Amino acid sequence: MAAQTSSSPPVTVAAARGPEPARRGQGRLAGYAAVVVAAALWGFGGTVASRLFDAGVDPLELVATRTFITLAGLALLVAAGRATRRQDRQDRQAAPERAGWAVTVGFGVSVAVANGCLFLAIQHLPVAVAMVLQNLAPALVVGWLIVLGRRRMSLPLTLGLAAALLGVALVVRLPETSWGQLDLVGIGFGLATAAGVAAFSVLGSAATRAHGALRANVYAFAVSSVVWLAVLAPGGAPGITRHGDQWPGIVFVGVLGTLVPFLLYAWGTARVGAQAGAVNISLEPVFSAVLAWWWLSQRLTAMQIAGGVVLVGAVIALQHLREHPEREHPEREHPEREHPEHDPRERPDGPLKKQPDDDPGRGR
């Protein structure tokens, strides 16, 4: 799955006035449609990948191939697009702080880890289970912010994290399966995927502020490509070259299962905002489950379906709380109204300029 960034384009003066309601409504509808199609394509790509693994294609070689394809597509967009260069300048002007290149390299490495672990998880687990475990990432980000002391533990956060853990337990059928029967390797890869997605969400936010969204992802996929070359080079010629009959599926995973949904998601996020992440979290496992049931005969139990619903609901709630922390303490939402003469946002030289949020939205 391609790296996602939920950084919306900065609001210009014209955009701040707002388009007429009809056009704004059409733009949001188109944005939601793009995110839904992206979720369907990511789910379809995971299902095709599972079928390729059954045919003998190596998961890491498939990850490397889709990484190279995505890098080539993004690099062509950067080379060809004036709008891209203009948008990158706007991104950097809206958030003038700079991330070091170490952050950008870390972004690329985390992309490689997340994508590699996802396909290894799909090799061991039903596609839908792997996709659900991957979507634990926003809960991990919230937990990490609590560990760092940047968020206080509250009752809503506690309940959300507990529900997410309950959802994971149900998805892997922990209550009805002994430890010896659990596919601990697959579960481990699924949880590692979530950790990788959480890492590149955080690092990708900083890299986007430094380089602009598209260029940051080009750099990330370039670093990821180097990682895969280093991993696969000692083994000699990749075995994937001997699966000529599987190349239509391989190209599908790289183009329609990675590059196209990434671009659709980015385009849709710019029009919908943070809700895009919730839509994607909700629908991607559903598409994966339906496609895997129809095409691969992978069926989920009632317990797994219930666990998926609980986990997805908990993650969406945690993401909403992370984006709107005042909802945890509504009585503190506007404390300055009680004493307007002490409004901390006002200074003698005017209101403080809002700084970009260093707490990124969902990424992939």
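Keep in mind that this is a model prediction, so the values were computed, not measured. Computation of the quantities below employed the complete heavy-atom set of this structure, encompassing side-chain atoms and omitting hydrogens, waters and symmetry-equivalent molecules.
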Using modelled atom types and a 3.5 Å cut-off, is there a donor and acceptor pairing between side-chain atoms of [X] and backbone atoms of [Y]?
X	Y	value
Arg271	Trp267	yes
Ser297	Trp293	no
Ser288	Ala128	no
Gln304	Leu170	no

Aromatic contact, Phe119 with Phe53 (centres under 6.0 Å): yes
Salt bridge (Lys or Arg N to Asp or Glu O under 4.0 Å) partners of Arg242, counting only residues at least two apart: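 For Arg242, no residue satisfies salt bridge (Lys or Arg N to Asp or Glu O under 4.0 Å) once neighbours in sequence are set aside.
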Say whether [X] and [Y] are linked into one hydrophobic cluster, either directly or through other cluster members, by side-chain heavy-atom distances under 4.5 angstrom.
X	Y	value
Val290	Leu311	no
Met131	Leu165	no
Phe262	Val78	yes
Leu60	Val185	yes
Val231	Phe68	no

Check [X] against [Y] and note the closest heavy-atom contact, atom names and distance.
X	Y	value
Phe107	Ala207	CD2-CB, 3.8 Å
Gly43	Leu291	C-CD1, 4.0 Å
Val260	Leu41	CG1-CD1, 3.9 Å
Leu136	Ala164	CD1-CB, 3.9 Å
Glu61	Ile240	OE1-N, 2.7 Å
Leu62	Ala49	CD2-CB, 3.9 Å

To the nearest 0.5 Å, what is the distance between [atom1] ([X]) and [atom2] ([Y])?
X	Y	atom1	atom2	result
Ser224	Asn217	OG	CG	11.0 Å
Thr301	Glu176	OG1	CD	5.5 Å
Arg299	Ile305	CZ	CD1	11.5 Å
Ile69	Leu74	CD1	CG	12.0 Å
Trp228	Leu232	CH2	CG	7.0 Å
Thr47	Trp42	OG1	CH2	14.5 Å

Test log, rule side-chain hydrogen bond (donor to acceptor under 3.5 Å, both in side chains), inputs Thr70 and Arg66: CA-CA 6 Å; Thr70 304; Arg66 79 194 288 243; over 6 Å; no
Would you check if [X] and [Y] make a side-chain contact, meaning some heavy-atom pair closer than 4.5 Å?
X	Y	answer
Leu264	Val35	no
Ile187	Val168	no
Ile122	Pro59	no
His124	Phe189	yes
Ser201	Val197	yes
Leu77	Leu263	yes
Leu161	Met153	yes
Val223	Thr104	no

Ring pair (Phe, Tyr, Trp, His ring centres under 6.0 Å) involving Tyr219 - partner list, sequence neighbours excluded: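 Partners of Tyr219 under the ring pair (Phe, Tyr, Trp, His ring centres under 6.0 Å) test: Trp101, His211.
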Heavy-atom neighbours of Trp144 CH2 exceed 12 at 6.0 Å: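 Result for CH2/Trp144: open.
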Derivation and outcome, side-chain contact (heavy atoms from CB on, under 4.5 Å), residues Ser50 and Gln298: CA-CA 11 Å; Ser50 181; Gln298 294 181 354; 3.7 Å; yes
side-chain contact (heavy atoms from CB on, under 4.5 Å) between Gln246 and Arg51, intermediate numbers included: CA-CA 10 Å; Gln246 301 299 329; Arg51 192 173 182 87; over 6 Å; no
Parallel, tilted or perpendicular: ring planes of Trp295 versus Phe44, cut at 30 and 60 degrees: perpendicular
Val227/Thr67 under side-chain contact (heavy atoms from CB on, under 4.5 Å): CA gap, chis, key distance, verdict: CA-CA 10 Å; Val227 169; Thr67 300; over 6 Å; no
